[in-house]
Chemist: 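Pasting in a structure now, in structure tokens, and then I'll have a few things to ask.
If you're wondering where the values come from, they're calculated on a predicted model, not measured in any experiment. Counting starts at 1 for both ligands and their atoms, in listed order.
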Amino acid sequence: MDRLSSHRATKGVVEKHGFKFSKSLGQNFLIDDNVIDRILDGARLSEGDKIIEVGPGIGTLTREMGKVADKVVAIEIDRSLIPILKETLDEFDNIEVVNKDILKVDVQELIKEKLSGGPVKLVANLPYYITTPIVMKFLEEDIPVTDIVVMVQKEVADRMNAGPGTKDYGALSVAVQYYCDTEIVAKAPRHMFIPQPNVDSTVIGLHVRSEKKYPVDSEEIFFKTVKAAFGQRRKTLLNALSGLGFLTKDEIKEVLAQADIDEKRRGETLTIEEFATLSNKVNAKVPSK
Ligand code: SAM
């Protein structure tokens, strides 16, 4: 079973079908064998795996996953790719293509219906324009996902992987690392795609923890606290937390003292553990209580 990942093979398929790349759908197809192997390794792919792929394109990565996994469900928005995928994935009876917009798919239902209830892995070269909504959808909607191994814009991977006190650390780092252990799997410079995008990419592995590492009393208040702390990055926590909207300055001083956090610190220096402690103190002060 041959690969589609060489420049020539991809060009051949595209030309044969007269396919026109859509920039607005983030269509940059991967043409590097080595990166594909790194993605498969990063996903620790094995024969019992149930995979969801978002945006199979012409099926380059899909085929390689189909050779190993138990089942692959590939969700592709672009109707003009469906006949191409029919051809390139023809020999696989364990791959199913769904012609839908991932943001409109009820993923829980899809897993029940097509992947025996999971657990699943999300493995994909994601369209750039909706990377974060897709990843957060899988993390926040109680989807039985164990690993997310995705190609994203380099800067987004850096933010997901960043630690406190670094320039890339922000609300996205905390949101992702609240659920997952993160790992940079591979670098993919722009020349590894056709057409060539004007950004470089990185494959990041997000390994979802089976047990919660940071016990928070209210996830809603935790994420509101994080958002307020980073919402006004240059301000001290004492000032930034006024963004929560329901604590007086004295109450902010009080919760920071209770959490043993200096009020002059900035949000970007707090570890996730500190955010968890702080949000529990904030939660105890929520007006309706
Ligand atoms: N997997 C292929 C590869 O690596 O060569 C293609 C990756 S390309 C970066 C992104 C793919 O996502 C395209 O096939 C595009 O049509 C598809 N796509 C874009 N928006 C989508 C959406 N909302 N739902 C599902 N697929 C989408």
Chemist: Holding to side chain to side chain contact (heavy atoms under 4.5 Å, CB included), I want the full list of residues that pass it with Ala259, two or more places apart in sequence or in another chain.
Modeler: Ile261, Thr277, Leu278, Lys281
Chemist: Could you work out, with ring-ring contact (aromatic ring centres under 6.0 Å, His included) as the rule, every residue matching Phe275, not counting sequence neighbours?
Modeler: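 Once residues adjacent in sequence are excluded, the partners of Phe275 under the ring-ring contact (aromatic ring centres under 6.0 Å, His included) criterion are Phe230.
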Chemist: For a salt bridge (charged side-chain N to carboxylate O under 4.0 Å, His left out) check, start with the C-alpha distance between Lys187 and Asp200, then their side-chain angles and the critical distance, and finish with the verdict.
Modeler: CA-CA 8 Å; Lys187 301 266 159 79; Asp200 295 317; over 6 Å; no
Chemist: Could you list the donor-acceptor pairs under 3.5 angstrom formed by side chains in residues 79-89, with sequence neighbours left out?
Modeler:
{"residue": "Ser80", "atom": "OG", "partner": "Asp78", "partner atom": "OD1", "Å": "2.8"}
{"residue": "Ser80", "atom": "OG", "partner": "Asp78", "partner atom": "OD2", "Å": "3.3"}
{"residue": "Glu87", "atom": "OE1", "partner": "Lys16", "partner atom": "NZ", "Å": "3.4"}
{"residue": "Glu87", "atom": "OE1", "partner": "His17", "partner atom": "NE2", "Å": "3.4"}
{"residue": "Glu87", "atom": "OE2", "partner": "Lys16", "partner atom": "NZ", "Å": "2.5"}
{"residue": "Thr88", "atom": "OG1", "partner": "Ile58", "partner atom": "O", "Å": "2.8"}
{"residue": "Thr88", "atom": "OG1", "partner": "Ile84", "partner atom": "O", "Å": "3.3"}

Chemist: Just verifying a value: how many Å separate Lys20 NZ and Gln27 CD, rounded to the nearest 0.5 Å?
Modeler: 12.5 Å
Chemist: Distance under 4.0 Å, heavy atoms only, partner ligand 1: which residues pass?
Modeler: Leu25, Gly26, Gln27, Asn28, Phe29, Leu30, Glu53, Gly55, Pro56, Gly57, Ile75, Glu76, Ile77, Asp78, Leu81, Lys100, Asp101, Ile102, Asn125, Leu126, Pro127, Tyr129, Ile130
Chemist: To the closest 0.5 Å, what do you measure between CZ (Arg209) and CD (Gln177)?
Modeler: 8.0 Å
